[in-house]
Peer 1: 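Supplied in structure tokens, the structure appears directly below.
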Amino acid sequence: MMPIARKEQFFSLFPEAPAFRFRQFETALFDPTLRDFSGISNMPLPMRETLDKQMAWLSLHPAHVLESVKKDTYKAIVELGDKTRVETVLMHNARGQWTVCVSAQVGCAMGCTFCATGKMGFTRNLLSDEIVDQYRFWKIFLHKQSEASGRISNIVFMGMGEPLANYDHVKESIGQLLRETDLGPTHITVSTVGLLPMLRKIVKDPEWPAVRLAVSLHSADSDTRKAMMPSSFDTFLEELLEWAKSYFEKNESRRRHLTFEYVMLSKINDTEKHAEALIRFARRVGKVRINLIPYNFTGSVYRDSLPADFARFETLLKDAGVTVMRRRTMGDDIAAACGQLIVEKEKQ
Ligand code: SAH
Ligand code: SF4
């Protein structure tokens, strides 16, 4: 059975409660020194007791937590109220702080042929509570570990699932994270396979928060993209280009760039021809940044790019004046780098 949202549970327990009580409750959830409701000192005692009896402090609990050898990446497989599981990752980032990678769905319906989650199929959308609790879980984790303590400075929606296919809950979770944490919108990134109806909705939605968007492009050649991503179609690239114009128009004052993610698959999308197509496309779009992602999934028919091919691709882009970044591979030993989540654990 699908779990029930905390807000709904709260008001069914306390139908007469004023709105400020719920806000108090919600704020307390983000205090990493608390472990249960009894610690919410500004709430009446009978209310705290009822909450402790009726509601879980976290909507998930860890089934496994894996640590990379370098202790710079942790992965948790967390179990939700209905026993389904998702993965969430904590990574040390270039700023010396931590990035949390969250899942937005149990499984994914998009079926990208190179992706472990795509192979699982779709089970259900996560509730907003289940998304923010992945952040809360790591916040508590860091609080408990004095040696690895530090601040979570970024959140990326790059775990399991397609965030824009769970638009309302993802939007709600971002709202809550912006209200209850010290993170600003530019420190939250939503990665999408490129669901155009939802991308268009974002541009029109005055309440969509000003978070960063990353579109998983993976190829600027339509046929290659269609082979990698069954959700793609012949006119996708042209429609994305049109959409990007409207996105830049809306965000003109913010000088916002758009990120394209590009997972490097040997001989599939990493040839000179593909680099040229990407350069042409990036120039047409304008303010873009390309993130080249090393591929990491052993149970796949695809191989990661050879180092020489990767370097050549990167150089071609740089020489053409395209802003390009190579994403660091982290947590290889626990298959935990974001977006590279494994299904093997599920089989155990
Ligand atoms: N569904 C969203 C977000 C989750 S995946 C999306 O597709 O954008 C986050 C990123 O990791 C995406 O760019 C995705 O294509 C990429 N990815 C998926 N599997 C990967 C793998 N095995 N190795 C490297 N990147 C991968
Ligand atoms: Fe889903 Fe993203 Fe994986 Fe594609 S890459 S199957 S959209 S999680």
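Here, residue 1 is the first one in the sequence, and each next residue gets the next number. Every number for a ligand or one of its atoms is a count from 1 in the order of the listing. Hydrogens, waters and symmetry mates are skipped; everything else that's a heavy atom, side chains included, is used.
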Peer 1: Can an N, O or S atom be found in C112 less than 2.8 Å away from atom 4 (Fe) of ligand 2?
Peer 2: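 Coordinating: yes.
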Peer 1: Assess whether a salt bridge exists between E130 and R124, defined as any Lys/Arg side-chain N lying under 4.0 Å from an Asp/Glu carboxylate O.
Peer 2: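 Here E130 pairs with R124 in a salt bridge, since their nearest N and O are under 4.0 Å apart.
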Peer 1: Check whether F14 forms a cation-pi arrangement with R21 (NZ or CZ under 6.0 Å from the six-membered ring centre, at most 45° off the ring normal).
Peer 2: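 Not flagged: R21 not positioned over aromatic ring of F14.
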Peer 1: Quick one: does E162 get an N or O within less than 3.5 Å of an N or O on ligand 1?
Peer 2: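 Such a contact does occur with ligand 1.
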Peer 1: Out of all atoms in ligand 2, which are within 4.0 Å of some heavy atom of V193? Include the element for each.
Peer 2: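 Heavy-atom distances to V193 below 4.0 Å select 7 (S).
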Peer 1: Looking at K75 and E67, does any basic side-chain N land under 4.0 Å from a carboxylate oxygen?
Peer 2: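 No salt bridge links K75 with E67.
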Peer 1: Which of the atoms of ligand 2 are close to M110, meaning less than 4.0 Å from one of its heavy atoms?
Peer 2: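 Counting from 1, the qualifying ligand atoms are 1 (Fe), 7 (S).
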Peer 1: What's the shortest distance from atom 3 (Fe) of ligand 2 to any protein heavy atom, and which residue and atom give it?
Peer 2: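 Answer, as residue, atom name and distance: C115 SG, 2.4 Å.
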Peer 1: Can a non-hydrogen atom of G118 be found less than 4.0 Å from any atom of ligand 1?
Peer 2: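 No, G118 has no heavy atom closer than 4.0 Å to ligand 1.
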Peer 1: Against heavy atoms of M158, which atoms of ligand 1 measure under 4.0 Å?
Peer 2: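 Contacts of ligand 1 toward M158, numbered from 1: 4 (C), 5 (S), 9 (C).
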Peer 1: Between T192 and ligand 1, which residue portion shows a heavy-atom distance shorter than 4.0 Å: side chain, backbone, both, or neither?
Peer 2: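 The backbone, only.
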Peer 1: Taking the basic N atoms (NZ, or NE/NH1/NH2) and the acidic carboxylate oxygens, is any pair closer than 4.0 Å for D31 and R136?
Peer 2: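 Here D31 does not pair with R136 in a salt bridge, since their nearest N and O are not under 4.0 Å apart.
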Peer 1: Check this for me: does any side-chain nitrogen of one of K273 and E276 sit under 4.0 Å from a carboxylate oxygen of the other?
Peer 2: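 No, no charged N to carboxylate O under 4.0 Å.
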Peer 1: Kindly confirm or rule out an N or O of G159 lying under 3.5 angstrom from an N or O of ligand 1.
Peer 2: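 No; the residue has no nitrogen or oxygen that sits under 3.5 Å from a nitrogen or oxygen of the ligand.
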Peer 1: With no hydrogens and no angle check, just 3.5 Å: does a side-chain donor-acceptor pair link T192 and E162?
Peer 2: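 Judged by distance alone, the side chains do pair up.
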Peer 1: Does E49 come within less than 4.0 Å of K53, counting only side-chain N to carboxylate O?
Peer 2: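 Salt bridge absent between E49 and K53.
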Peer 1: Which atoms of ligand 1 have any heavy atom of G161 under 4.0 Å away?
Peer 2: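 That gives atoms 1 (N), 2 (C), 3 (C), 4 (C) of ligand 1.
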Peer 1: Quick check: do T224 and H218 have side-chain heavy atoms less than 4.5 Å from each other?
Peer 2: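 No - every pair of side-chain heavy atoms lies 4.5 Å or more apart.
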Peer 1: May I ask you to list the atoms of ligand 1 that are less than 4.0 angstrom from any heavy atom of V263?
Peer 2: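 Answer for ligand 1: 24 (C), 25 (N).
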Peer 1: At under 4.0 Å between heavy atoms, is it the side chain or the backbone of E261 that contacts ligand 1, or both, or neither?
Peer 2: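 Side chain only.
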Peer 1: With a 4.0 Å heavy-atom cut-off (strictly under), which part of M160 contacts ligand 1: side chain, backbone, both or neither?
Peer 2: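 Neither; no heavy atom under 4.0 Å.
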Peer 1: Less than 4.0 Å between a side-chain N and a carboxylate O, is that true for R200 and E239?
Peer 2: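 A salt bridge is present here (some side-chain N lies under 4.0 Å from a carboxylate O).
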Peer 1: Who's closest to atom 2 (Fe) of ligand 2 heavy-atom-wise, of S216, G161, A109, A165?
Peer 2: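 Ranked by closest heavy atom to atom 2 (Fe) of ligand 2, first place is G161.
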Peer 1: Do any nitrogen or oxygen atoms of R327 come within less than 3.5 Å of a nitrogen or oxygen of ligand 1?
Peer 2: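 By distance alone, the answer is no.
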Peer 1: Is the distance from atom 1 (Fe) of ligand 2 to the nearest N/O/S atom of C108 under 2.8 Å?
Peer 2: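 It does; at least one qualifying atom falls short of 2.8 Å.
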Peer 1: For ligand 1, which part of P294 has a heavy atom less than 4.0 Å away: the side chain, the backbone, both, or neither?
Peer 2: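 The answer is the backbone of P294.
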Peer 1: Within ligand 1, which atoms have a heavy atom of H218 less than 4.0 Å away?
Peer 2: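 Listed by number with element, the hits are 13 (O), 14 (C), 15 (O).
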Peer 1: Looking at Y295, does the NZ or CZ of R303 lie under 6.0 angstrom from its six-membered ring centre and within 45 degrees of the ring axis?
Peer 2: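 That pair does not qualify as a cation-pi contact.
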Peer 1: Taking only heavy atoms of G118, which atoms of ligand 2 are found under 4.0 Å from at least one of them?
Peer 2: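 Those atoms are 6 (S).
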Peer 1: Consider only side-chain N and O atoms of D129 and S59, and report whether a donor and an acceptor are under 3.5 Å apart.
Peer 2: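 Absent: no donor and acceptor within the cut-off.
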Peer 1: Is the NZ atom of K226 crowded by more than 12 outside heavy atoms at less than 6.0 Å?
Peer 2: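 More than 12 heavy atoms, drawn from other residues, nucleotides or ligands, come within 6.0 Å of this atom.
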